[in-house]
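A, B, ... follow the sequence lines: proteins, then strands. Residue 1 opens every chain.
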Amino acid sequence: MSYDHQQIEKKWQNFWYTSNIFKANDDPNDKKEKMYILDMFPYPSGAGLHVGHPEGYTATDIISRYKRMNGYNVLHPMGWDAFGLPAENYAIKTKIHPDKSTHDNIKTFTKQIKSLGFSYDWDREIATCDADYYKWTQWWFLFLYKNGLAYKKQAPVNYCESCKTVLANEQVVDGKCERCKNDVLPKNLNQWFFKITDFIDDNDKTSGLLNGLEKIDWPESTKISQKNWIGRSEGINFKHKVKDLNIEFEVYDSVPQTFLAQTFVIIAPEHPMVKELVKGTEYEKKVMGFVDKVKHKKAIGRFNIENDMEGIFTGRYSENYMGTGRDLPIWVASFALMDYGTGIVGCSAHDERDFAFAKKYNIDLKPVMFPKDQLEAEKIKNLEYCYCKDPEGVMELPEKFKGRKWGEVRNDIINYIVEKDFGRKNINYKMRDWLVSRQRYWGAPIPIIYCESCGEVPVPEKDLPVLLPTDVDFMPTGESPLLKSKTFHDVKCPKCGSEKAKRESDTMDTFVCSSWYFWRFIDPRNLKEFAGKDLMKTWGNVDLYVGGAEHTVLHLLYARFFCKVLHKYGYIDYDEPFQKLRHQGMILGEDNEKMSKSRGNVINPDQIVEKFGADSLRLYEMFMGPFKDVKPWSSKSLEGIYRFLNRVWKLSENIPLDKGGLGDSLEQLRHFTIKKVTQDIENFDFNTAISQMMIYSNAMQDALNAPLIKGVGGIYLEDIETLTLLLSPFAPHITEEIWHEFLGNKETIQNTPWPKFDENKSQKKEIELVIQINGKLRGKLICSPDISKDDALKQAKELDEIKKYLDGHELKKEIFVHGKLVSLVI
RNA sequence: GCCGAAGUGGCGGAAUUGGUAGACGCGCACGACUCAAAAUCGUGUGGAGGCAACUCCAUGAGGGUUCGAUUCCCUCCUUCGGCACCA
C-alpha cells in the first residue's frame, strides 16, 4: 500500500470536523488547564490563501495539538477580518456588492484552510462584517463614548483624492497614499477620535501602553518599535513673553540642558499666533505670504527638510530671555511642527537643524557646552560645526553647572529651571489620538445621531446594530456612500423624537473591528454582551498570539488599548491581551523576491496540497528555516520533505512482528529525540525538531537494514509509536493513518498523551572527548561522559597522535572541560 | 539619518552560559536495481595540497581578548525590514 495523501487527508479531515474533537471546553469546572492559542485572523482577499498564511497557522496548530496531547483545554479559533477597502474598491470596479464578494472569499478561504487540517474550533467562526459581530463593534464605540474616550473634533486629516477617503497617519507613506500611491492632501473635517493617548502612561489601576510591555513575552524588537512609535519624551515648557505685546507663550524642549544657548525662537507656520505677531506691522504681508507658501508645499506632500528649510523674521522678540537681558528674535520656520509640543521652539547652537537654520539666515548663536579637547572647543566657539548631545560635553552655563558633564546634569538642570520658575515640567508623545472615522461604505457604521435640537446623541444600545444599508452607490464622491442611502440617513432623534435628525454617515476604521475580536471568540454567539464576563474570566488573555511583523505597531497597539480600557472599567482582571507573541518571517518566491503576481513567482498552496499533501506543505514550511526569518521557497526541498513522509510511511508499514534482535538499540536516541522535539516545539525551533525526527527515522531505517547485512538489529514497535506521536502535531493526517492502520489503535492520536523522556536515558553512554593542543584539534578519546579530569588527562597523553606533539615540548597548561574536551598548551 | 534583524559550503540552514564548524534537507557524483528511464536504496560530497596517513585554509572585512571565537569586545562593509523634521 502506498502513501495516498489525498485519500488519507480527506478521510481524517472528515473525521475531525464531524467528531468535534477540537472543541474548546467552556465549562469553568473543567480540570484541564486552559490555553488560548490565536492566529491573527486573515483578511479574506480575492487572491485566496497565500503560502504565507499557513506558516503561522501551522505553528499555532502544532502548539495547539501538542498542548492538547499534554492535557490542556485549548481554545484555537479562526475567523475573518472582513471589512475593508479592497472589497469596496472591487465593488467599484465590478459592481459586485462587497457583502457578496466578501462572503465568497470567506468560502474560498475556509475551504483552503480546512484542506490543511488545522485544528480550529470552527463552531466559533466569526466575520467582522456580519451584523451580529459589528453590533458589538458599535457597542464598543458607545462604551468608549460614554467614558469620554471617543470624541469629535475638527482636524486636518490626510485626504486621498484618488481613494476619496481620509487616511490614518499610518496609511500615509512618504506623503503618499499607502494603497494608490497618489499624493495625500490635508483637509479639515469633523472626525471621531479614540483617546488612546490617555493610556500611554499608567493610571491608578492599569499599566500603560509603555510599562505594560515589561510584563509580556514579546519579541524585544516589537516592544522597541512600539516604544518608538509612542515616542514619549519628558522635558520643560519654558515661559516666554512677546516684547511690546501682551502675549505669553510656551516653548517645549526635551533636551533642556543647554537652554541658555537659545538665541532665537521659531514658530510653526500654521500657528495662530503668527497672525497676532505681525498684525498691522510692516512684516505682515511678507510673513503671511510665506506662511501660505509653506502650507501649500506641505499640502502637496513635497516638503523635505533638506531642501526646504526656510524661514522669515516676524519683527518680534521674546523679551528678556530667562532673565538674561537678551531679547530673542522670533522667526517663522518651515520645519517647525504645529502638532508637537507647543508648536513653538527655542533654538540654539546645540541642535543640528537650529544650527543650520541660523547659519542660513545669519542669526546669532551662543554655545554653552564644549568638548574637553581645547582645539575642538575653540572650533565650537567659532561655530565651525554643530556640537550636540555629547554626554562628555562640559557645561559652561548656567554658572552653577560650570564644568559638569552634559550627560550628568539633566535632572539637576531641570530642577534648577523649575526652581527659578523659568518653566514647568512637561511630557510629550509622538503618538496622536486614534482617528477612527472613515468616509467609506464597507465598515461598521458609527452609532451616533445628530439632532437639530439635542445635538450629538448616541444610538441607544437596544437599537444596535445600526445596519449597513444596501441601497447605496459605492462610487466615491468624497462623501460617505452612506449619505446616498434613502433609508439610512434620516432617523428619529432617540432623545426628543424629533424627525429632524440624521445619522452619522462615517464608518469606523477596520482596526476597530480587529481590536477586540479575540474576546468574541470566547463567547461568539452571545446576544446580550460582546462576551460574557464569566467566560472571559475562564479563558483569560491570549496565551500565544502568532502573526506577521507588519502588525508590530498598529493592530497590536490598538488591541492593547482596548484591553486597558476593559481593565480600567472592571470587565477583566488582566491589562495585556496577548501574553506571548511571535512573528513569522515572510516567505519569498524561489527567485528570492517578494511573491507577486507581476513577478510570476507566486506559489499556490492548493496545488501543493493536491500534489504533495497538506502534511508535506505544513512540514516543509516549518522545515524551511527559523520561524521568524525571511526565507525563500524551494520546490526541491519540498520534495525532500515529501520523500521523508514516504519513508516514514514505509518504515511504519514494515513493523517487524518480533520486537527486534539486538535489544533496545535505539533507546538513547529515542529518549533524546523526545526531549529535543519537545523543547524545540516550546521554543518555536520547528526546523530543528524536524531534523531530529529525520535523524531518528534514519536510525530506524539503518536498524531495520542491519539484519539483512549482518544478521542482527531490528527496531522496537515503541520507536515507530514514538516517531508517529512526535510527528503528529506537524503532519497530523499521515500520523493518524499510521496510528490506526499500522499500529492498530482505535482512539484518535490527537487524544493520546505526548511521549515522555527519561533524562538519564537521553544521555549518551559514550562520548568522544576532544583533545586539543594549543587550541587545535589533535585527537579524540572515546570514554564515559563522567570521566574525571585526571583520567582524561592521563589517557589523552597516552594517545599516539597526541604523544607525537608533546615529545620534546614543555607542557604549560592543562584544561579540562567536563564531558567536552582536554586542551593542552605547550 | 535613526531604530531593528541578519551576513556560515553550489542552495535552505545546524552549532552560542566560548569547546570537534557545516547537523538535517536540497543539489551534485558514483554504485545497486532496470533492456532502459523514473522511483527507490546505498556510498561520497567546504576549499587547497598529498598515493596515503595527514597538513594547511575557511563562518561579510579588519583588529582585540582567550589555551581555544561563528559565539564576547572595537572599527568598518553589505543586505533586508520599520520610522522619517518629534526640538
Side-chain angles (χ1 to χ4, degrees), chain A residues 2 170 173-175 219-225 227-229 231-233 235 251-256 262 266 298 303-306 308-309 333-337 339-348 350-354 388 428-431 549-550 552-553 583 585-586 588 590 592 594 620 623-626 628-641 643-644 646-647 650 685 687-696 698 701-702 705 709 767-780 801 812-826:
Chain A
S2 70
E170 301 85 350
V173 178
D174 289 333
E220 210 48 44
S221 57
T222 301
K223 292 184 183 181
I224 290 169
S225 289
K227 282 182 197 164
N228 291 343
W229 187 261
R232 183 185 198 274
S233 83
V251 152
Y252 178 69
D253 193 347
S254 69
V255 191
Q262 296 187 3
I266 59 171
K298 289 195 175 178
F303 185 80
N304 172 319
I305 187 156
E306 302 270 302
D308 300 314
M309 179 181 270
S334 58
F335 63 94
L337 294 171
D339 60 356
Y340 186 76
T342 62
I344 313 176
V345 189
C347 298
S348 79
H350 299 296
D351 178 278
E352 300 258 11
R353 287 157 313 167
D354 299 351
C388 62
N428 269 293
Y429 310 97
K430 289 185 194 174
M431 189 170 73
E550 68 273 19
T552 297
V553 279
H583 300 300
M586 208 192 337
L588 303 175
E590 296 214 60
N592 244 300
K594 207 168 171 175
Y620 170 61
F623 187 62
M624 289 174 86
K628 65 176 195 306
D629 285 9
V630 177
K631 39 210 176 278
W633 187 266
S634 161
S635 300
K636 285 291 181 187
S637 289
L638 172 73
E639 287 174 34
I641 285 290
R643 281 201 284 270
F644 167 66
N646 271 288
R647 282 198 296 271
K650 277 184 206 148
D685 292 327
N687 54 335
T688 49
I690 295 166
S691 294
Q692 186 58 40
M693 289 189 275
M694 288 173 169
I695 291 168
Y696 187 34
N698 287 347
Q701 187 61 54
D702 289 348
N705 291 345
I709 303 161
I767 58 156
E768 281 184 340
L769 197 71
V770 171
I771 320 294
Q772 290 182 348
I773 291 173
N774 287 354
K776 285 198 194 274
L777 173 70
R778 295 301 182 193
K780 287 171 185 174
E801 61 263 38
K812 283 187 184 157
K813 204 170 173 183
E814 294 171 337
I815 295 151
F816 173 74
V817 181
H818 184 79
K820 285 261 165 80
L821 59 60
V822 166
S823 185
L824 305 170
V825 185
I826 56 174

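- Taking atom CD of residue A:E639 and atom P of nucleotide B:G25, one finds them 15 Å apart after rounding to whole Å.
- If you check B:A87 for Watson-Crick or wobble pairing at under 3.5 angstrom, you find it has no partner at all.
- Residues A:L337 and A:N592 both approach RNA chain B. Their nearest nucleotides, taken by heavy-atom distance, put A:N592 toward the 5′ side.
- For the P atom pair drawn from B:C73 and B:G22, the interatomic distance equals 25 Å after rounding to whole Å.
- The phosphate of B:A84 (OP1 or OP2) has no side-chain N or O of A:R353 nearer than 4.0 angstrom.
- Between B:G9 and B:G13, the distance separating the two C1' atoms is 11 Å to the nearest Å.
- Checking the phosphate oxygens (OP1, OP2) of B:A14, a side-chain nitrogen or oxygen of A:N687 falls inside 4.0 Å.
- What separates CG of A:N774 from P of B:A69 is a distance of 12 Å, to the nearest Å.
- Within the structure, every side-chain polar atom (N or O) of A:R647 is placed at least 4.0 Å from both OP1 and OP2 of B:U40.
- The same atom, C1', is picked in B:U71 and in B:U20; the two are 15 Å apart, to the nearest Å.
- Here, B:G4 and B:C72 have their P atoms 16 Å apart, quoted to the whole Å.
- B:G44 is paired with B:C28 under the criterion used here, namely a Watson-Crick or G-U wobble arrangement in which both key atom distances are under 3.5 Å.
- If you take atom P in B:U70 and the same atom in B:G64, they sit 15 Å apart, rounded to whole Å.
- Each of A:S634 and A:D354 was assigned the nucleotide of RNA chain B with the nearest heavy atom; the assignment lying further toward the 5' end belongs to A:S634.
- Within a 6.0 Å sphere centred on NZ of A:K820, heavy atoms belonging to other residues, nucleotides or ligands number 12 at most.
- A:S254 has a side-chain polar atom (N or O) that falls below the 4.0 Å cut-off from OP1 or OP2 of B:A87.
- Base pairing of B:U70 is not made with any nucleotide, judged by Watson-Crick or G-U wobble geometry with both donor-acceptor distances under 3.5 Å.
- B:G68 shows a glycosidic angle more than 90° from 0 and is accordingly assigned anti.
- Donor-acceptor pairing under 3.5 Å, judged by distance alone, is present between the side chain of A:S823 and the base of B:C67.
- The nucleotide B:A38 finds no pairing partner, because no Watson-Crick or G-U wobble arrangement with both distances shorter than 3.5 Å includes it.
- B:U79 and B:A61 have their C1' atoms separated by 15 Å, with the value rounded to a whole Å.
- For B:G4, the base has no donor-acceptor partner in the side chain of A:E220 [N/O atoms by modelled type, under 3.5 angstrom].
- In this model, the phosphate group of B:G19 is not approached by any side-chain N or O of A:R778 to a distance below 4.0 Å at OP1 or OP2.
- In this structure, A:K813 reaches the B:C67 phosphate: one of its side-chain N or O atoms is under 4.0 Å from OP1 or OP2.
- Atoms OH (A:Y340) and P (B:A84) sit 14 Å apart, rounded to a whole Å.
- Annotation: B:G27 and B:G12 have their P atoms spaced 15 Å apart (nearest Å).
- Side-chain nitrogen and oxygen atoms of A:K776 include at least one within less than 4.0 Å of the OP1 or OP2 phosphate oxygen of B:C57.
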